[in-house]
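Heavy-atom basis, side chains included; hydrogens, waters and symmetry copies ignored.
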Amino acid sequence: MKGIMLNESGDLLIQPRAEPDGKISGVVVDDTLIQDSAIVLGMNQGEYKEDAALGPNLLRFIRSKADKVRTEKQIRIHLKRAGLDCDELMSKINIHLKST
């Protein structure tokens, strides 16, 4: 899915350029699947006002005895709730890791 990209600090990613008609533009629009997923996975429930149930609360799994299946289920539920495809995300991550 295409959308507005953010930089490392969460601000709009802007790369200024002059258009042929003299106007200056620069907001970067690209595939935001990984960016959107990172935002969702970093959230805790209640942080997003429009959907208070969105947010997998992954920090609670750090010192818990949660197994991989439970953690992955939590991730899949919240990515789906945000309208993101977990399988597509995993394939993009794998492709990205293999190319670097």
Side-chain angles (χ1 to χ4, degrees):
M1 130 177 39
K2 294 265 185 196
I4 297 172
M5 298 297 293
L6 304 175
N7 63 16
E8 296 83 24
S9 63
D11 295 325
L12 291 176
L13 180 59
I14 298 175
Q15 295 175 341
R17 62 182 179 275
E19 298 293 330
D21 60 358
K23 294 181 182 176
I24 297 177
S25 65
V27 175
V28 178
V29 176
D30 203 357
D31 183 19
T32 59
L33 178 65
I34 293 176
Q35 170 184 287
D36 296 343
S37 301
I39 291 169
V40 169
L41 295 177
M43 293 173 60
N44 292 315
Q45 288 181 338
E47 289 182 2
Y48 186 56
K49 191 167 148 183
E50 285 77 14
D51 185 357
L54 181 63
N57 299 328
L58 293 179
L59 290 176
R60 69 184 167 154
F61 293 121
I62 290 176
R63 293 194 178 169
S64 71
K65 296 189 185 223
D67 59 353
K68 179 182 176 184
V69 174
R70 181 174 173 215
T71 306
E72 187 174 317
K73 181 179 178 184
Q74 188 77 354
I75 290 170
R76 285 185 178 277
I77 288 170
H78 289 277
L79 287 176
K80 184 174 183 174
R81 187 174 186 98
L84 303 170
D85 184 6
C86 188
D87 295 324
E88 181 184 354
L89 174 66
M90 296 304 279
S91 66
K92 279 194 176 205
I93 290 172
N94 288 334
I95 290 169
H96 183 70
L97 290 175
K98 288 178 184 176
S99 67
T100 57

Answer yes or no: does atom CZ of R70 have more than 12 heavy-atom neighbours from other residues, nucleotides or ligands under 6.0 Å?
no

Looking only at heavy atoms, which two atoms of V40 and P56 are closest? And how far apart?
O-CD, 3.2 Å

To the nearest 0.5 Å, what is the distance between SG on C86 and NZ on K73?
14.0 Å

A side-chain contact here means heavy atoms from C-beta on lying under 4.5 Å apart; do M5 and Q15 qualify?
no

Does a salt bridge link R76 with D85, judged by any charged N lying under 4.0 Å from a carboxylate O?
no

Taking a hydrophobic cluster as the set of Ile, Leu, Val, Met, Phe, Trp and Tyr residues connected by side-chain heavy atoms closer than 4.5 Å, whether directly or through intermediates, do I93 and L33 fall within one such cluster?
yes

If you count every heavy atom of other residues, nucleotides or ligands that lies below 6.0 Å from E8 atom CD, does the total exceed 12?
no

Taking CD1 in I14 as the centre, count heavy atoms belonging to other residues, nucleotides or ligands within less than 6.0 Å. Is the count above 12?
yes

All heavy atoms of L79 vs all of L89, minimum pair found to be CD1-CD2, 3.8 Å

Residue pair L6, L13: steps toward the side-chain contact (heavy atoms from CB on, under 4.5 Å) verdict:
CA-CA 5 Å; L6 304 175; L13 180 59; 5.8 Å; no

With side-chain contact (heavy atoms from CB on, under 4.5 Å) as the test, would you mind laying out the steps for D51 and R81 before giving the verdict?
CA-CA 9 Å; D51 185 357; R81 187 174 186 98; 2.9 Å; yes

Shortest non-hydrogen separation from L58 to I75 and the atoms involved:
CD2-CG1, 4.0 Å

Please answer whether the main-chain N or O of L54 pairs with a side-chain N or O of H78 as donor and acceptor at a distance below 3.5 Å.
no

Examine Y48 and I77 and state if one hydrophobic cluster contains both, with Ile, Leu, Val, Met, Phe, Trp and Tyr joined whenever side-chain heavy atoms are less than 4.5 Å apart.
no

Nearest heavy-atom contact between M43 and I39 is CG-O, 3.1 Å

Work out which heavy atom in I4 is nearest to a heavy atom in Q35; give both atom names and the distance.
O-NE2, 3.2 Å

Output yes when a side-chain donor or acceptor of N57 lies under 3.5 Å from a complementary backbone atom of Q45, and no otherwise.
yes

Of all heavy-atom pairs linking G83 and M1, the shortest is O-CE, 4.4 Å

Is R17 salt-bridged to E19, cutoff N-O under 4.0 Å?
yes

